[in-house]
Amino acid sequence: CSEFGNISCPEDFRSAGIRWVMYLSITAVFILTIFGNLAIIISISYFKQLHSPTNFLILSMSVTDFLMGFAFMPYSMVRSVENCCVFGIIFCKIHYSFDLMLSLVSIFHLCSTAVDRFYAICHLLHYPSTMTPAAIKQIVAVCWSVPAAFAFGVVFSEAYASGIEGYAMLIKCSGLCPIVFNKLWGAFLFTVGLFGPVCIMIGIYVKIFTVSLRHTLELSQAHRLSKNNKKHELSKNKDRKAAKTLTIVMLGFLICWFPCFFAILIDPFLNFSNPLPLFDSLNWLGYLNFFCNPLIYGFFYPWFWKTFKYILEGKILNSYFH
């Protein structure tokens, strides 16, 4: 362990000024993540008018994002700023297992919401019989259980590090928390966490855009025959809003998560030469998706602004709003 200097944590890794800037910036991120998702949770849970299959998926995703911001981002902040695993390797593994689990849970919810919108737009007549409360519960159970089994199984079995030379010595001698993936598990995580969900969402959204375009053309023809301009304009606005929301969802997901998962994929092929600060930066870029989700799925919908106003004004205490 002589090359590590026999110290638990590196000293003076960053200047005090840089650390304070990082602490303030990251604190702002996870506080906004906490309160943004908490507003979604309260709104959907409290107002019975919002109890719908789509909103229950959004509620479950907001709980995931809230837990990440409230329980796990603060420790990630300390680890990133101080470049040190403060509470030991066991705690580090537990933290990383939950970190990986909640990240995948959130991504799975994005796919599930896309499937829900697919049935709502492309199979409207079958939507009530397909996306039932029981079906939503099953989808939510899968979104939570599969990532949990994968994350804790892979991390605690250390299968992700199988065949990586020098990994055991690095764990023993350094104060870091180096969770690195070998070629097999790096490719598997990239496929499950990014490539698969992206293919599913792109396929679904292309189908939704196609169906929406066909509806718009049909309504345009009906408009020329009936001259019902108001109904036609409302439908066009609805389709434009749907297209805009879906585009923002995909762009937000790719911008936040692609760099992180791609770095995990290529790192073992580069002999793990990517520096730790780069991984930390890309990891926090992925964390931004937890903050963006309530913006996309909440703030873009009128019902959220109304319920948020009621919450701020204390009107939710009025029995009329129960």
Side-chain angles (χ1 to χ4, degrees), residues 40 43-44 49-62 64-65 104-140 142-143 146 191-224 228 230-258 261 289-290 292-305:
I40 299 288
S43 298
I44 297 177
Q49 299 89 334
L50 300 179
H51 291 182
S52 67
T54 303
N55 286 344
F56 279 130
L57 286 174
I58 295 175
L59 172 63
S60 181
M61 182 170 63
S62 296
T64 304
D65 297 348
L104 293 177
V105 169
S106 184
I107 292 171
F108 278 29
H109 274 87
L110 289 174
C111 288
S112 301
T113 306
V115 172
D116 175 80
R117 291 297 83 204
F118 170 76
Y119 278 101
I121 295 175
C122 301
H123 300 282
L124 181 58
L125 295 179
H126 300 286
Y127 179 78
S129 60
T130 303
M131 303 302 289
T132 61
I136 294 298
K137 290 178 181 178
Q138 292 175 358
I139 292 172
V140 170
V142 170
C143 287
V146 173
T191 302
V192 172
L194 185 83
F195 185 74
V198 166
C199 289
I200 292 172
M201 286 191 285
I202 288 179
I204 289 175
Y205 289 158
V206 167
K207 180 65 175 178
I208 290 176
F209 278 123
T210 303
V211 172
S212 297
L213 180 60
R214 187 172 71 244
H215 288 171
T216 301
L217 293 175
E218 291 173 354
L219 287 170
S220 297
Q221 293 175 355
H223 166 65
R224 286 194 295 269
N228 191 348
K230 183 176 180 181
K231 183 178 179 180
H232 173 64
E233 287 300 321
L234 288 174
S235 179
K236 282 180 63 178
N237 291 335
K238 184 178 180 180
D239 287 338
R240 287 172 184 167
K241 181 180 178 181
K244 182 179 180 180
T245 303
L246 296 179
T247 302
I248 293 174
V249 168
M250 280 303 304
L251 287 177
F253 175 74
L254 287 173
I255 290 172
C256 291
W257 283 118
F258 177 78
F261 280 105
N289 197 237
F290 296 102
C292 293
N293 285 337
L295 292 178
I296 297 171
Y297 284 100
F299 290 80
F300 274 69
Y301 291 91
W303 60 259
F304 176 80
W305 290 109

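Only a predicted model underlies this, so the values are computations on that prediction, with no experimental measurement involved.
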*Derivation of the side chain to side chain contact (heavy atoms under 4.5 Å, CB included) call for Met61 and Phe108*: CA-CA 9 Å; Met61 182 170 63; Phe108 278 29; over 6 Å; no
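- Not counting sequence neighbours, Tyr127 has no partner by the ring-ring contact (aromatic ring centres under 6.0 Å, His included) test.
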*Quick one: do Val198 and Phe253 satisfy side chain to side chain contact (heavy atoms under 4.5 Å, CB included)? Show the steps, please.*
CA-CA 9 Å; Val198 166; Phe253 175 74; 3.3 Å; yes
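- Taking His51 as the reference, Phe56 meet the ring-ring contact (aromatic ring centres under 6.0 Å, His included) condition, with sequence neighbours excluded.
- Between the CG atom of Leu251 and the SG atom of Cys292 there is a distance of 11.0 Å, given to the nearest 0.5 Å.
- In this structure, CD on Gln138 lies 12.0 Å from OG on Ser112, to the nearest 0.5 angstrom.
- Without hydrogens or angle criteria, Ser60 side chain to Leu57 main chain gives no donor-acceptor distance under 3.5 Å.
- Here the shortest heavy-atom pairing between Ala120 and Leu124 reads O-CD1, 3.3 Å.
- Residues Leu110 and Asn289 are in side-chain contact: their nearest non-hydrogen atoms beyond the backbone lie under 4.5 Å apart.
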*Stepwise, does the side chain to side chain contact (heavy atoms under 4.5 Å, CB included) test hold for Tyr119 with Ile204?*
CA-CA 10 Å; Tyr119 278 101; Ile204 289 175; over 6 Å; no
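- Of the possible polar contacts, one joining the Asn55 side chain to the Leu50 backbone as a donor-acceptor pair under 3.5 Å is found.
- Distance check: Asp65 CG to Ile58 CD1 gives 11.5 Å after rounding to the nearest 0.5 Å.
- When all heavy atoms of Val105 and Cys143 are compared, the pair lying nearest together is CG2-O, 3.2 Å.
- Nearest heavy-atom pair, Phe290 versus Ser106, reported as atom, atom and distance to 0.1 Å: CE2-CB, 3.7 Å.
- Remark: Arg117 CZ to Met201 CE distance equals 15.0 Å, nearest 0.5 Å.
- For the atom pair Thr64 OG1 and Asn293 CG, the distance stands at 9.5 Å (nearest 0.5 Å).
- If you take CZ on Phe195 and CD1 on Ile200, they are separated by 10.5 Å, rounding to the nearest 0.5 Å.
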